[in-house]
Amino acid sequence: MQGVYFFRVNHKYRGRLAPSPTGYLHLGHARTFWTAQERAQANGGVLILRNEDLDSTRHQMEFVGAMLEDLRWFGFEWSEGPDVGGKFAPYNQSERMEFYRAAMEKLRAGKFIYPCICSRKDIRAATRAPHANDDDEPIYPGTCREKFPTSNSQLPTAKFSWRFRVPDGETISFVDGNCGEQKFTAGKDFGDFVVWRHDDVPAYQLACTVDDAAMQITEVVRGADLLVSTARQILIYRALGLQPPDFFHCALMLDEQGVRLAKRHDSLSLGELRRQGISPAKLRSQWVGQHKPS
Ligand code: GLU
């Protein structure tokens with residue numbers, strides 16, 4: 001996109017918390033979110049809460065209420081969100097399908113995406129080599145890249161996903177507010193990625209990008225496990241003609257064994273800590289300066 005310049009229209013800092021209700025929130029989420037809240041406050045901005053519930057089954061709906069309750073207990077305050085409304089409502093991703101579909105159609109019209117019938121198993125079998133990147137998505141071997149013309153009449157008859165064609169060899173770089181300059185080479189550090197799943201649900205990469213743009217987020221604060229995803233999302237912003245926000249990726253919280261905290265670490269769930277009567281202020285006091293990259 002050389003020669004194309006974007007100007008931010010809205011200068012007021014807008015940050016967001018974007019939890020997925022797929023389990024109980026734990027201390028690792030809280031630490032990253034706390035950084036997001038502190039940065040919004042320090043910049044005289046606002047914080048919004050977006051419920052990333054695209055993956056939610058009925059069973060997981062129970063987590064949404066607990067999630068909001070745990071966040072409030074911990075001391076988070078948002079001025080827009082599913083429970084308080086706001087200018088950019090709805091704030092539940094499950095209610096925002098039309099935005100994602102419109103973006104997907106735009107990507108399709110621009111030939112940025114193509115239909116793909118490969119299963120995860122096919123891809124793993126075709127790639128053989130261990131993942132070259134540090135997130136959990138294997139580099140797509142390109143099996144369906146040229147297989148199906150993207151006109152309606154010739155779409156695959158089997159279930160398919162829509163995959164973003166990355167510009168092989170191009171280095172996507174950005175300056176992260178916490179981790180400094182980042183460079184990821186398309187086709188090497190990450191491959192063609194799914195934007196619309198075969199079960200007709202928008203993928204995280206697309207939904208997150210569309211929402212951060214639509215909700216006029218000026219800085220995305222999230223875990224360092226998503227640095228490679230930021231490179232993917234920058235390609236989506238570019239394809240849609242949108243300006244990316246700034247990024248600030250926080251170091252992930254590890255347990256005593258050095259393993260990254262996950263929703264399975266029940267003892268460190270916010271709900272459990274709350275039941276034990278531990279005060280959020282005490283938990284927060286241990287974090288001073290800890291979001292720095294390790
Ligand atoms: N819902 C995503 C997660 O919980 C959000 C990631 C992001 O902040 O972009 O991992």
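Because the structure is a prediction, the values reported are computed rather than measured. Quick note: residue numbers are just sequence positions, from 1. First listed ligand is number 1; within each ligand, the first listed atom is number 1.
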- Item | Side-chain cluster (under 4.5 Å, hydrophobic types only) that Tyr204 belongs to, other residues | Leu226

- Note: ligand 1 atoms sitting under 4.0 Å from heavy atoms of Cys208 are 9 (O)

- Query: Looking at Phe76 versus Trp34, is the centre-to-centre ring distance below 6.0 Å?
  - Reply: yes

- Query: Looking at ligand 1, does His29 have a heavy atom less than 4.0 Å from it?
  - Reply: no

- In ligand 1, which numbered atoms sit nearer than 4.0 Å to a non-hydrogen atom of Glu52? 1 (N), 2 (C), 5 (C)

- Query: Is it true that Phe160 and Trp162 have ring centroids separated by less than 6.0 Å?
  - Reply: yes

- Query: For ligand 1, which part of Gln205 has a heavy atom less than 4.0 Å away: the side chain, the backbone, both, or neither?
  - Reply: neither

- Going by the atom numbers of ligand 1, which of them fall below 4.0 Å from some non-hydrogen atom of Leu226? 6 (C), 7 (C)

- Message: Just to verify, what does Asp83 make a side chain to side chain donor-acceptor pair (under 3.5 Å) with, not counting sequence neighbours?
- Response: Arg72, Trp78

- pair Arg101-Asp200: side-chain heavy atoms closer than 4.5 Å: yes

- Message: Test your reading of the structure: does Val221 have an N or O sitting under 3.5 Å from an N or O of ligand 1?
- Response: no

